[in-house]
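Predicted model, so just to flag it, every value in this text is computed and none were measured. Naming convention: chains lettered A, B, ... in sequence-line order (proteins, then strands); numbering from 1 in each chain. All heavy atoms count here, side chains included; hydrogens, waters and symmetry mates do not.
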There are 2 protein chains.
Amino acid sequence: MENRIEKIKKQLHSQSYKLTPQREATVRVLLEHEEDHLSAEDVYLLVKEKSPEIGLATVYRTLELLSELKVVDKINFGDGVSRYDLRKEGAEHFHHHLVCVECGSVKEIEEDLLGHVEKTVESQWEFQVKDHRLTFHGICKNCQSEHD
Amino acid sequence: MENRIEKIKKQLHSQSYKLTPQREATVRVLLEHEEDHLSAEDVYLLVKEKSPEIGLATVYRTLELLSELKVVDKINFGDGVSRYDLRKEGAEHFHHHLVCVECGSVKEIEEDLLGHVEKTVESQWEFQVKDHRLTFHGICKNCQSEHD
DNA sequence: GTGTCAAATTATAATGATTTTAATTTATTT
DNA sequence: AAATAAATTAAAATCATTATAATTTGACAC
């Protein structure tokens, strides 16, 4: 964990940003909830537990900054809220999501499923792909078995 | 065009909704701007030109209804606004988008690029796919050539 | 160490998209 | 035509997010 904080610190420094206590607290919350797809409000409340003086606006600004630096991915599942996911180490791309329409659970897929599709897009539409976002909506394993 | 309105009318009736004048006006705007990825506000302004008495809330309600009936797809490119695209006739799936990070243009891809990927997801993660959304972010043909 | 400057943060207010409410209108059924 | 339900309007409310102004922090010069 300290290791990853160090890396993020370096990423910030490389663009002449600082890892302030508030930013560090925010990053720590993200690291501790890597699977959780937290909203800005969620992050705010969790950070507040350890650092009660932090403001919501600061959390928003920090998440925005981390998003620009590609430390986190800002995602949107269609409810009105943005969610923030830590990008996995070494991942060049956004990871994919399986959203269950029954129970609302969200599962992540790390594998890059789109290498081939991306090549098609690049050649067929002459579009230079930088990133992609892919979400499947459907019924998760759990909810399938409940229908028996 | 009248043809497609008729179809949508039937879809509404099949769920015991009516195609009111306001709803029809809204659908017509969507048909006339099929490539445009209009926001609710955009639709509202366009509908207002022909039917000045319509309210914004009605447009929202209509778009929400059409979205539930899968007549339109509600999409979200990460700016704070929802956009509404008519689903192509016979399309079972959401279509894909190429969003240019330089000029903001959005191009649609009708082809189903994900048949194979979907099968992988279904078998490997035991997730029953109902729909998907795929967006590529990158640089469009136009913006590429401007960089010469 | 003290003063100065820029960056960051706080608390609050403002914004903008969307939703809700209550009152009114329209369409449908009896 | 009266009664009922569905849809619409206009206005207010809500919620996420962003901007503002004042304050604090930290780095560097003296």
Would you mind reading off the distance between A/His13 atom NE2 and C/dA8 atom C1', rounded to a whole angstrom? 13 Å
How close or far is atom P of D/dA7 from atom CG of B/Leu19, stated in whole angstroms? 11 Å
Checking A/Asp36 side chain against A/Leu38 main chain: does a donor-acceptor pair fall under 3.5 Å? no
With a 4.0 Å cutoff (strictly under), does any side-chain N or O of A/Gln22 reach OP1 or OP2 of D/dT25? no
Tell me whether the OP1 or OP2 atom of D/dT17 has a side-chain N or O from A/Tyr60 closer than 4.0 Å. yes
Looking at B/Arg28 and B/Glu32, is any side-chain nitrogen of the basic one under 4.0 Å from a carboxylate oxygen of the acidic one? no
Strictly under 6.0 Å, is that where the ring centroids of A/His137 and B/Phe94 end up? no
Looking at A/Arg23, does any N or O in its side chain come under 4.0 Å of the phosphate oxygens OP1/OP2 on C/dT9? yes
With sugar-phosphate meaning primed atoms plus P, OP1 and OP2, does B/Leu56 contact a base, only sugar-phosphate, or nothing at under 4.0 Å between heavy atoms? base
B/Ala57 or B/Gly80: which one's nearest nucleotide on DNA chain C is closer to the 5' end? B/Gly80
Between atom NZ in B/Lys18 and atom C1' in C/dT26, what is the gap in whole Å? 8 Å
OP1, OP2 of D/dA16 versus side-chain N and O of A/Ser39: anything below 4.0 Å? no
Which part of the nucleic acid does B/Thr58 contact within heavy-atom distance under 4.0 Å: base, sugar-phosphate only, or nothing? base
Whole-Å distance, B/Tyr17 OH to D/dA5 P, equals 17 Å
Is the distance from OP1 or OP2 of C/dT9 to the nearest side-chain N or O of A/Thr20 less than 4.0 Å? yes
